[in-house]
Amino acid sequence: MALINNVIGAINFVAMLLSIPILGAGIWLLNQPADSCLKILLWPVITLGVLILVMALAGFVGAFWRIPWLLMAYLVGMLVLIILLACLVIFMYMVTIRGSGHIVPSRAYLEYHLEDFSIWLQRRVRGSYKWERIETCLSSTQICPDLNQTYTMAMDFFRAYLTPIESGCCKPPTECGYTFVNPTNWISPINNIADPDCIQWNNDQTKLCYSCNSCKAGLLASLKQEWRRADIILLVTLIALICVYLVGCCAFRNAQTEDIFRKYRQGYS
């Protein structure tokens, strides 16, 4: 019985370690440009990581100190958390299944359209109240100003592989026909009606294209990239947690069976 309890404790210790990648994914998202300005799944991911850590700790304590009710609470609670984590993994995949960049002639970078993304994500950036806060956050970063230090010549800029936020927020859409002065300064548009964003562009360094739909699309494209990477981490952790949980269930069942036989033998003797 003591050996099985030690095995269960070791299994729960592994579950505690598996909470680290989940917490790490949440902290990593917190430091990414898109997620730092559009906080949607940051706290659900971090909260799940903390709860899994606490639940695994409860199972660890219950196994080594032989507290049956704590082990039962661990089994039930961890099952619920695994289901929630699975739902989160599926949700992150489904809402990011749409949305990709469009190739622009004579440009290395891609451009992004808001309508390409899932309706759920679009709703997160539509509405003036929601976007004003995000716009303020984006304009306070060095994402666009840093481009002026990196690219001084038009051809260098056109050959650059810009991030979605740089492409959508720091310059006007290519089809507007603006003339390059520097990455955040463009003049003399040829076709102001080609895209509603054409008239939204402003050379004021605090405005640029932050109010453009292309900026919203660029933010969502960046969010998609970040979520896809985090989703892979969460999926691998989920599979490992399921394996650990199943082994823990088998060990707990064997412990219960051994305890029943032990009591039976004691009663018989």
Quick one: do Met55 and Leu75 satisfy side chain to side chain contact (heavy atoms under 4.5 Å, CB included)? Show the steps, please. CA-CA 9 Å; Met55 198 57 61; Leu75 291 174; over 6 Å; no
Quick check: closest heavy atoms across [X] and [Y], and the distance to 0.1 Å?
X      : Y      : value
Ile46  : Gly26  : CG1-CA, 3.7 Å
Leu219 : Trp131 : CD2-CZ3, 3.7 Å
Pro21  : Leu17  : CD-O, 3.3 Å
Lys130 : Arg126 : CD-O, 3.5 Å
Ser140 : Cys137 : OG-O, 2.6 Å
Cys37  : Leu138 : SG-N, 3.7 Å

Check whether [X] reaches the backbone of [Y] with its side chain - one donor and one acceptor, N or O, closer than 3.5 Å.
X      : Y      : value
Lys207 : Asp204 : no
Asp156 : Thr152 : no
Gln200 : Pro196 : no
Lys224 : Gly99  : yes
Asn182 : Asn185 : yes

From [X] [atom1] over to [Y] [atom2], what is the distance, rounded to the nearest 0.5 angstrom?
X      : Y      : atom1 : atom2 : answer
Leu51  : Leu85  : CG    : CG    : 11.5 Å
Asp195 : Glu175 : CG    : CD    : 5.0 Å
Leu18  : Phe13  : CG    : CZ    : 10.5 Å
Leu38  : Leu41  : CG    : CG    : 9.0 Å
Ser19  : Ile52  : OG    : CD1   : 7.0 Å

Are the side chains of [Y] and [X] in contact, using a 4.5 Å heavy-atom criterion?
X      : Y      : result
Tyr210 : Cys144 : yes
Gln122 : Leu114 : yes
Cys87  : Leu84  : no

Looking only at the side chains, is there a donor atom on one of [X] and [Y] sitting less than 3.5 Å from an acceptor on the other?
X      : Y      : value
Glu111 : Thr174 : yes
Ser211 : Glu135 : no
His113 : Asn213 : no

Verdict with reasoning, Tyr109 to Lys171, per side chain to side chain contact (heavy atoms under 4.5 Å, CB included): CA-CA 12 Å; Tyr109 51 75; Lys171 64 170 190 58; 3.2 Å; yes
Candidate pair Ile82 and Met78, rule side chain to side chain contact (heavy atoms under 4.5 Å, CB included), full reasoning: CA-CA 6 Å; Ile82 287 175; Met78 187 61 78; 4.0 Å; yes
Let me have the donor-acceptor pairs involving side chains of residues 226-235, under 3.5 Å, with sequence neighbours excluded, atom names and distances please.
| from | atom 1 | to | atom 2 | distance (Å) |
| --- | --- | --- | --- | --- |
| Glu226 | OE1 | Asp35 | N | 3.3 |
| Glu226 | OE2 | Ala34 | N | 3.4 |
| Glu226 | OE2 | Ser222 | OG | 3.3 |
| Trp227 | NE1 | Asp35 | OD1 | 3.0 |
| Arg228 | NE | Thr96 | OG1 | 2.9 |
| Arg228 | NH2 | Thr96 | O | 3.0 |

Is the Tyr74 ring parallel, tilted or perpendicular to the Tyr245 ring (thresholds 30°, 60°)? tilted
Would you please classify the geometry between the Phe91 ring and the Trp120 ring as parallel, tilted or perpendicular, with 30° and 60° separating the classes? perpendicular
Arg98 with Glu115: basic N within carboxylate O range, under 4.0 Å: no
Partner set under side-chain hydrogen bond (donor to acceptor under 3.5 Å, both in side chains) for Trp186, not counting sequence neighbours: none
Only pairs under 3.5 Å count here: list side-chain donor-acceptor contacts from residues 158-166, not counting sequence neighbours, and write none if there are none.
| from | atom 1 | to | atom 2 | distance (Å) |
| --- | --- | --- | --- | --- |
| Thr163 | OG1 | Glu166 | N | 3.2 |
| Thr163 | OG1 | Glu166 | OE1 | 3.4 |
| Glu166 | OE1 | Thr163 | N | 3.0 |

For a side chain to side chain contact (heavy atoms under 4.5 Å, CB included) check, start with the C-alpha distance between Leu110 and His102, then their side-chain angles and the critical distance, and finish with the verdict. CA-CA 5 Å; Leu110 303 176; His102 296 264; over 6 Å; no
Do Ile20 and Leu53 share a hydrophobic cluster, counting only Ile, Leu, Val, Met, Phe, Trp and Tyr and linking them when any side-chain heavy atoms are less than 4.5 Å apart? yes
SG-SG under 2.5 Å, Cys209 vs Cys212: yes
